[in-house]
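One structure is given below, encoded as structure tokens.
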Amino acid sequence: MTAQLIDGVKLSQQLRADIAARTAALTAAGHQPGLAVIIVGDDPASHVYVRNKVKACGDVGFHSVLEKYEADFSEQALLDRIAALNADPAIHGILVQMPLPKHIDASKVIEAIATSKDVDGYSVLSAGELMAGLEGFRPCTPYGCMKLIETTGVNLRGKHAVVIGRSNTVGKPMALLLLQQNATVTICHSGTPDLGYHTRQADVVVAAVGRRNTLTGDMVKPGAIVIDVGINRNDEGKLCGDVDFDSVKEVAGHITPVPGGVGPMTITMLLMNTLESAERVAKRA
Ligand code: NAP
């Protein structure tokens with residue numbers, strides 16, 4: 001059996017077209033979505049990420065602000081900038097690029113962002129809203145994974161989902177989103193003995209570990225949906241995920257590739273969260 005590919009690039013393009021259309025309508029009504037991106041320091045990879053995010057904003061018609069600060073920018077000055085953006089009605093989402101320099105307490109910064117503008121969904125309050133099933137922001141990567149699963153047309157009610165990894169930004173919110181869709185959810189982590197025992201029973205496996213070949217074909221139930229969040233390099237230096245694609249695609253029903261699966265969805269869901277934030281403001285106006 002060869003699994004159907006879940007194409008994250010294509011889905012991303014479709015969703016961005018939808019975001020652009022909704023943005024045009026909001027802008028015409030005087031509520032152009034606005035995203036502020038802050039970067040502190042000179043990490044080259046982080047600068048590429050923020051440039052991509054700001055470009056993506058322009059492509060869908062958002063207003064965007066990019067604030068770049070030197071590595072010695074003080075924590076207080078950063079908190080002051082966040083307070084100003086919290087109060088700015090043209091800004092519906094605030095993103096502070098991680099990692100921050102060591103002298104800045106990242107959790108203090110994340111918690112300083114107004115919950116109504118926390119489009120990364122990383123704050124404790126956003127996590128609480130997700131857990132309680134309240135309206136709020138879903139962290140972008142798991143939100144994107146849910147959209148990818150949706151394309152398979154499989155109803156998750158009564159299905160068994162296994163999430164490998166329990167980070168606050170991917171594994172845990174992923175499990176909650178699957179639970180919201182009435183899947184029966186198992187979370188595995190580095191202390192789980194016999195990972196394959198769990199994954200072989202799963203109708204859906206989401207691998208978010210950061211270790212290649214964590215999931216191999218013999219660990220997958222025939223026909224399962226396999227979502228690969230991992231970003232790793234193989235021996236040739238090529239990008240690969242946590243899933244041994246070649247063996248798993250022979251068993252799974254649907255599978256995301258790396259690259260071209262989860263990766264492209266993350267910025268798209270950041271745009272979606274910012275759009276939803278602006279739509280909420282517009283609804284209240
Ligand atoms: P993380 O914070 O390092 O968490 C990794 C998780 O994997 C931990 O919960 C860890 O368990 C678990 N783990 C480690 N070894 C394991 C094993 N042998 N068996 C089962 N579980 C194991 O990483 P993360 O931030 O969640 O990211 C995970 C991966 O996704 C990384 O490769 C990251 O680069 C990638 N990622 C991709 C995107 C994207 O847009 N495509 C976005 C975010 C992250 P413990 O908790 O017990 O240590």
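All ligand and atom numbering here is 1-based and tracks the order in the structure. All of these numbers come straight from a predicted model, not from anything done at the bench.
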* Structure fact -> Those residues at least two apart in sequence (or on a different chain) that pass side-chain contact (heavy atoms from CB on, under 4.5 Å) with Gln76 are Ser74, Leu79, Asp80
* Asked: Measuring from each atom of ligand 1, which residues have a heavy atom under 4.0 Å away?
  -> Thr141, Ile164, Gly165, Arg166, Ser167, Thr169, Val170, His189, Ser190, Ala208, Val209, Gly210, Arg211, Val229, Gly230, Ile231, Val262, Gly263, Thr266
* What residue pairs, at least two apart or across chains, pass ring-ring contact (aromatic ring centres under 6.0 Å, His included) with a residue in residues 76-123? -> none
* Pairs meeting criterion ring-ring contact (aromatic ring centres under 6.0 Å, His included) with involvement of residues 169-200, two or more places apart -> none
* Asked: Between Arg284 and Glu279, does at least one N-O distance fall below 4.0 Å, as a salt bridge requires?
  -> no
* Asked: Is the closest basic N to carboxylate O distance between Arg212 and Asp235 below 4.0 Å?
  -> yes
* **Member of Val209, Asp242, Val258 meeting the side chain to side chain contact (heavy atoms under 4.5 Å, CB included) criterion with Asn232** => Asp242
